[in-house]
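See below for the structure under consideration.
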Amino acid sequence: LSLPKLQKLSTLKPTFFHFNSMPKLNPKSKLLKKKKKKNGNKQKKAKNAKVSQQEKQKEIEIIEEKEIEQEEEEQDLDHLLEPITAHDLKNNSWCIDDKSGYPGQVTSLKKSKTGKHGHAKITYKLVMPYTGKSSNPMHPATDQLMKPVMTKQDYIFIKFEDKDEQLVQCKNNETGKISTIRISPLPKYAEKIMGSINKKKDTETLILSVLVGPKHSSKKIELIQCIVGAKLVNKA
């Protein structure tokens, strides 16, 4: 190139081009994106809360299973189930639930005749304090059922083991053994127990009434416990 041409090129200004990597969002698109992100966060929180609740339930079950295993190792539980016919059931008596195997208390017992040559039918409501559920069995009067041997023991309240205040650490009043026991989910028990716990003063001891009985299954008999009562007494 000649010298005049080189001088002309040196005077030219460079041109720069700017490229946007993403197109700008209009206000409506921004709002939709924000809502989608918010909904996603809500779903994530709900999922985490569900997982957390499941983990709590597993922890409760593990603690209770350990307590049951310890009790089973110490004694044979066959003697805690006695045979009984449906005809011999009475209101407020105990019976093993046909499906779940939990012990329950008989209420609303009715006996009906089916005819001259038929067997009487026994119907009743079975209320299970361990699960808070109930069933409505029906049996011919001659059906063989199982009657659990139920006992109550006194424990001294120590503290709650969980945030939901369902599991209680307590000490057996006779043996001094410390256990973790669930409060019965039945409202008639749970409300009274929580009322006594909330009223407790530093100068008082909370005595818990623990219901102990067998749960039946095809594989084994398990000893189960739940708190069904509470009373406050002055410390000695």
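Basis for what follows: all heavy atoms, side chains included, without hydrogens, waters or symmetry-related copies.
Within a 6.0 Å sphere centred on CE of M194, other residues, nucleotides and ligands contribute more than 12 heavy atoms. No more than 12 heavy-atom neighbours from other residues, nucleotides or ligands sit within 6.0 angstrom of NZ on K231. Counting heavy-atom neighbours within 6.0 Å of K111 NZ, excluding the residue itself, gives a total above 12. Counted within 6.0 Å of NZ on K159, heavy atoms from surrounding residues, nucleotides or ligands total 12 or fewer; the atom is thus considered open. More than 12 heavy atoms of other shown residues, nucleotides or ligands fall within 6.0 angstrom of atom NZ in K215.
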Candidate pair D98 and H139, rule side chain to side chain donor-acceptor pair (under 3.5 Å), full reasoning
CA-CA 10 Å; D98 298 332; H139 291 281; 2.7 Å; yes

Which is it for Y155 and Q225 under the side-chain contact (heavy atoms from CB on, under 4.5 Å) test, yes or no, and what are the steps along the way?
CA-CA 12 Å; Y155 280 73; Q225 301 172 308; 3.5 Å; yes

Start with the C-alpha gap between N91 and T107, add the side-chain angles, then the distance that decides, and say whether side chain to side chain donor-acceptor pair (under 3.5 Å) holds.
CA-CA 5 Å; N91 280 321; T107 63; 5.8 Å; no

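Checking each of I181, V228, I224 against L211 for a side chain to side chain contact (heavy atoms under 4.5 Å, CB included) leaves exactly one that passes, namely V228.
Hydrophobic clustering of Ile, Leu, Val, Met, Phe, Trp and Tyr side chains at less than 4.5 Å, counting indirect connections, unites V212 with I193.
In this structure a side-chain-to-backbone donor-acceptor pair under 3.5 Å is present from S184 to P129. Using modelled atom types, one side-chain atom of T175 and one backbone atom of K177 make a donor-acceptor pair closer than 3.5 Å. At least one donor-acceptor pair closer than 3.5 Å links the side chain of N172 to the backbone N or O of E174. Not a single donor-acceptor pair under 3.5 Å links the side chain of K147 to the backbone N or O of W94.
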